[in-house]
Amino acid sequence: MTAEMVAPAWMHTQISAEQYDSWSEEQCAGIEIVDGMVVVSPSASKRHNRLARILANALDAVAGPDWNADTDFDVRLQDVPLTNRRPDVIVYRAKTIDLTPTRPEHVLLVAEVVSPGSETTDRIVKVDQYAKAGIPFYWRVEQAATGVPIVYTYVLDPATKAYRDGEMFTGVIKAAAPFSVTVDLGTI
């Protein structure tokens, strides 16, 4: 079995922003680019996708006309080396919906739903990347064994480009300013 049979050649070489931008939406779905290298994640569980969708719908409902909340959305954190992340939920400026790529300055909040296999990335790696990119709010949603999600919120300190701990919620999601939303997620 050759390496090409296991993974295509483009997975073994650094990808530039220009190359990535030339790919179709289908080629970009389900992958992230970190320091120019393609990162493929396993498909998320139904529970994971449902939790992300509930959160995105709640945030979208209170976002007002200036903000949108979506799932399955790329954010270009840097061009060289290319780092393109796909948060589980993103709140971004409504007027930038047609701009490609979405940049950190268009984004207010990103949320990651932690799944088995993504713990280190969602708890450490992405937190640092989003903070350095200047995204004001980061939420980490843990899927507890009880089925009731735990939401950890973080607020960016612009002076240090690091997040400081915000509030923690269990089962109820309350959005950080400028949002005001309460969603009883119950048992997902």
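Here the structure is a predicted model, which means the values were calculated and not measured. These values consider heavy atoms only, across backbone and side chains, with no hydrogens, waters or symmetry-generated copies.
No continuous path of hydrophobic side-chain contacts links Val80 to Val34 [ILVMFWY only; heavy atoms under 4.5 Å]. Residues Ile124 and Val110 are members of separate hydrophobic clusters, defined by side-chain heavy-atom contacts under 4.5 angstrom among Ile, Leu, Val, Met, Phe, Trp and Tyr. Following chains of ILVMFWY side-chain contacts shorter than 4.5 Å, one can reach Met168 starting from Tyr154, so the two form part of one hydrophobic cluster.
Heavy atoms only, all atoms of each residue included: Pro65 and Ala94 are closest at O-CB, 3.4 Å. Nearest heavy-atom pair, Ala131 versus Ala162, reported as atom, atom and distance to 0.1 Å: CB-CA, 4.0 Å. Residues Leu82 and Ile15 share a closest heavy-atom pair of CB-O, 3.7 Å.
A 4.5 Å side-chain heavy-atom check between Tyr92 and Ile97 finds at least one atom pair inside the cut-off. The side-chain heavy atoms of Pro149 and Gln143, taken from C-beta on, include no pair separated by under 4.5 Å. Annotation: side chain of Val155 is not in contact with side chain of Tyr163 (no heavy-atom distance under 4.5 Å). Looking only at side-chain heavy atoms (C-beta outward), Val141 and Tyr152 stay at 4.5 Å or farther from each other. Using a 4.5 Å heavy-atom cutoff, the side chains of Val125 and Tyr130 are not in contact. Taking the side chain as every heavy atom from C-beta outward, Leu77 and Pro104 approach each other to under 4.5 Å.
Taken to the nearest 0.5 Å, the CH2 atom of Trp67 stands 8.0 Å off from the OG1 atom of Thr96. Expressed to the nearest 0.5 Å, how far CD1 of Ile33 lies from CD of Gln14 amounts to 10.0 Å. Note that the CG atom of Leu108 and the CG atom of Asn68 stand 12.0 Å from one another [nearest 0.5 Å]. A distance of 4.5 Å separates CD in Gln129 from CZ in Arg85, rounded to the nearest 0.5 Å.
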Report the C-alpha separation of Glu32 and Arg86 in whole Å, then their side-chain angles, then the decisive distance to 0.1 Å, and conclude whether the salt bridge (charged side-chain N to carboxylate O under 4.0 Å, His left out) test is met. CA-CA 6 Å; Glu32 293 180 310; Arg86 189 176 284 259; over 6 Å; no
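With sequence neighbours excluded, the residues forming a side chain to side chain donor-acceptor pair (under 3.5 Å) with Asn84 are Tyr20, Asp74, Arg76, listed by chain and number. With sequence neighbours excluded, the residues satisfying side-chain contact (heavy atoms from CB on, under 4.5 Å) with Thr102 are Phe73, Ile90, His106, Val107. Under the side chain to side chain donor-acceptor pair (under 3.5 Å) criterion, Glu26 pairs with Ser24, not counting sequence neighbours. With sequence neighbours excluded, the residues satisfying side chain to side chain donor-acceptor pair (under 3.5 Å) with Gln19 are Ser16. With sequence neighbours excluded, the residues forming a side chain to side chain donor-acceptor pair (under 3.5 Å) with Glu142 are Arg123, Arg140, listed by chain and number. With sequence neighbours excluded, the residues satisfying side-chain contact (heavy atoms from CB on, under 4.5 Å) with Asp122 are Glu112, Val114, Ser118, Lys126, Tyr138. When the salt bridge (charged side-chain N to carboxylate O under 4.0 Å, His left out) test is applied to Asp35, no partner is found at least two apart in sequence or on another chain.
Applying the salt bridge (charged side-chain N to carboxylate O under 4.0 Å, His left out) test to every pair with at least one member in residues 152-165, sequence neighbours left out, gives no pairs at all. The list of salt bridge (charged side-chain N to carboxylate O under 4.0 Å, His left out) pairs with a residue in residues 87-97, not counting sequence neighbours, is empty.
Thr153 places no side-chain N or O within 3.5 Å of a backbone atom of Trp139 that could act as its donor or acceptor partner. No donor-acceptor pair closer than 3.5 Å links the side chain of Glu25 to the backbone N or O of Cys28. Checking side-chain atoms of His48 against main-chain N and O of Ser115 turns up no donor-acceptor pair under 3.5 Å.
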For residues 52-61, please give each side-chain donor-acceptor pair under 3.5 Å, one per line with the distance, not counting sequence neighbours.
unit_1 : atom_1 : unit_2 : atom_2 : d
Asn57  : ND2    : Arg53  : O      : 3.4
Asp60  : OD1    : Ala69  : N      : 3.0

